[in-house]
2 protein chains.
Amino acid sequence: MTRDTETSTTDRRSDRTKAAILRAARERFATQGYERTTIRAVASDAGIDPSMVMRYFGNKARLFDATLTIDLRLPDLTAVPTDELPQTLVRHFLKRWEGDPADDALLVLMRSAVTNEQAAARMHEIFAAQVAPALAAALGPELAAHRAGLVAAQLLGLGLTRYLLRLPAVTTLTPDEIEAGLAPAIQAVLDPN
Amino acid sequence: MTRDTETSTTDRRSDRTKAAILRAARERFATQGYERTTIRAVASDAGIDPSMVMRYFGNKARLFDATLTIDLRLPDLTAVPTDELPQTLVRHFLKRWEGDPADDALLVLMRSAVTNEQAAARMHEIFAAQVAPALAAALGPELAAHRAGLVAAQLLGLGLTRYLLRLPAVTTLTPDEIEAGLAPAIQAVLDPN
DNA sequence: ACTGTAGGCCAACATGTGTTGACTTTCCAG
DNA sequence: CTGGAAAGTCAACACATGTTGGCCTACAGT
């Protein structure tokens, strides 16, 4: 598509198609989930032959796996005052998702993790590696251990109902309304009493 | 299995196998979702031939549809004091799910609704027909209209993380801990301020 | 006993899928 | 120029799945 005469260090031709495959795969997995996404469709989106997908990623499961590299990009929660923590969280996820939910890897993952063990396992990893530590740093380890799960439940519940199920009662709310409604709820979960 | 010499009014032989198919289908759809559930597997579970499934239900989509008759069995929320409403809700859903999540139709539906339009539409119906009115009766229509979605998000978020994704941080909590942690959160969502 | 019908089984078809291997084209190093 | 590897295409295999239609079997009504 674009001119590419500028040869950046390692700019093999395969890198571009590999990237195109990944982009197409993310899109498909995101909108249709693992089972309904076909190698043929991904290849077609990427403008190449299905066998290329196999050459670069081995098989469907590994392609899927390559798709699931996720960085929640959580801000440093120790820098925010405790009482602003809930709204910071809600705002952070809303911001991520309001852009283009269809290619946010976290939603991709949610959609698949519900029926796919591999994806569910990856979800556990992400929670353990990113969410839990961030909350532990902000709240102290004991409290976080008991409450992090419920916080995740609330945030994922929002993602589920608004972006995957698209429940009208949730999609009609504005981001501001959601922030105003949900932040106090998360605050309540975090309150130690 | 059981003796059935007592012929209750309309006890055709087909009714039993039809019921067996439905039971098997619920179980499969619940644990594997729509796509990964095969007619052959359902038939095998029910101990009959795949073609029987077609005879009774026409096709896979209609079998699925027959599976989705859901009654949340929400208690009469007007009978509970407003400040006990959240814990009543949390307890109600926990009770339903703690029994055998695998054959609770609501979880079946959630699992499928994430990738299946038909199921998602049914989810909308159930929310509109059961959750929204119950909350409207207890809270008044205006408040309910703005908050019911977030309440649903929180309850479904619980179901998602605990029973579908099985996040350790949530599965390790006891029902009592969940009730104690989540009820105040829902209360916060309902607080009009 | 006879027969029609509902309940059930079997074998096959059509299709879509993941995956493979052989063949062609591109393109750069020597 | 030229050879050989990298990048890509093509056609097919093997298999699972939804679905169909023909056949068998039990059994209730006559």
Side-chain angles (χ1 to χ4, degrees), chain A residues 1-25 28-29 31-67 112 115-119, chain B residues 1 3-25 27-29 31-67 112 115-119:
Chain A
M1 293 279 170
T2 60
R3 286 159 301 152
D4 39 46
T5 35
E6 24 33 322
T7 310
S8 62
T9 60
T10 332
D11 185 26
R12 286 198 184 68
R13 181 136 136 272
S14 64
D15 288 343
R16 268 174 297 149
T17 59
K18 198 169 173 180
I21 293 174
L22 264 182
R23 212 176 323 124
R28 288 277 174 179
F29 283 134
T31 56
Q32 313 184 324
Y34 183 82
E35 330 288 342
R36 299 182 45 178
T37 294
T38 75
I39 301 275
R40 280 172 170 83
V42 170
S44 165
D45 291 352
I48 44 94
D49 190 88
S51 59
M52 282 284 91
V53 179
M54 307 304 292
R55 205 207 270 302
Y56 287 132
F57 295 94
N59 57 34
K60 189 181 178 181
R62 285 222 287 278
L63 170 62
F64 184 59
D65 197 70
T67 279
S112 300
T115 50
N116 186 296
E117 278 304 321
Q118 184 188 356
Chain B
M1 296 277 169
R3 286 160 300 153
D4 40 42
T5 36
E6 29 27 326
T7 310
S8 63
T9 60
T10 333
D11 185 26
R12 284 198 186 69
R13 183 136 132 272
S14 63
D15 288 342
R16 267 174 298 148
T17 60
K18 198 169 174 180
I21 293 173
L22 265 182
R23 212 177 322 125
E27 171 86 26
R28 288 279 174 178
F29 284 133
T31 55
Q32 313 186 323
Y34 183 82
E35 330 289 343
R36 299 182 44 176
T37 294
T38 76
I39 301 275
R40 281 172 168 83
V42 170
S44 165
D45 290 353
I48 45 96
D49 190 89
S51 60
M52 284 284 90
V53 178
M54 307 304 292
R55 207 210 271 302
Y56 287 130
F57 294 94
N59 58 33
K60 188 182 178 181
R62 285 222 288 279
L63 170 63
F64 184 60
D65 198 71
T67 279
S112 300
T115 51
N116 186 294
E117 276 306 319
Q118 185 188 355

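Protein chains get the first letters and strands the later ones, always in sequence-line order, with residue 1 at the start of each. Note: hydrogens, waters and symmetry copies are ignored here, and every other heavy atom, side chains too, is used. It should be emphasised that the depicted structure is a prediction, and the values quoted were computed from it without experimental measurement.
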Mind listing the side-chain donor-acceptor pairs of residues 37-44 of chain B below 3.5 Å, one per line with the distance, residues two or more places apart or on another chain?
unit_1, atom_1, unit_2, atom_2, d
B:Thr37, OG1, B:Arg28, O, 3.2
B:Thr37, OG1, B:Gly33, O, 2.7
B:Thr38, OG1, B:Ala41, N, 2.9

Acceptor/donor pairs from residues 47-58 of chain B side chains to any protein atom, 3.5 angstrom cut, sequence neighbours excluded:
unit_1, atom_1, unit_2, atom_2, d
B:Asp49, OD2, B:Ser51, N, 2.8
B:Asp49, OD2, B:Ser51, OG, 2.6

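Closest approach of B:Ser112 and B:Tyr34 over heavy atoms only: OG-N, 3.5 Å.
Under the rule for a salt bridge (charged side-chain N to carboxylate O under 4.0 Å, His left out), the partners of B:Arg36 that lie at least two apart in sequence or sit in another chain are A:Glu35.
A distance of 5.0 Å separates OG1 in B:Thr67 from CG in B:Leu63, rounded to the nearest 0.5 Å. Atom CZ of A:Arg23 is separated from atom OG1 of A:Thr17 by 10.5 Å, given to the nearest 0.5 angstrom.
If A:Arg40 and B:Ile48 are placed on DNA chain C by their nearest nucleotide, the residue sitting closer to the 5' end is B:Ile48.
Mapping heavy-atom proximity under 4.0 Å, the span of DNA chain C touched by chain B runs 5' to 3' from C:dG7 to C:dA12. Running 5' to 3' along DNA chain D, contacts with non-hydrogen atoms of chain A at under 4.0 Å begin and end at D:dA7 to D:dA12.
Within residues 50-58 of chain B, the residues approaching DNA chain C are B:Ser51, B:Met52, B:Arg55, B:Tyr56, by heavy-atom distance under 4.0 Å.
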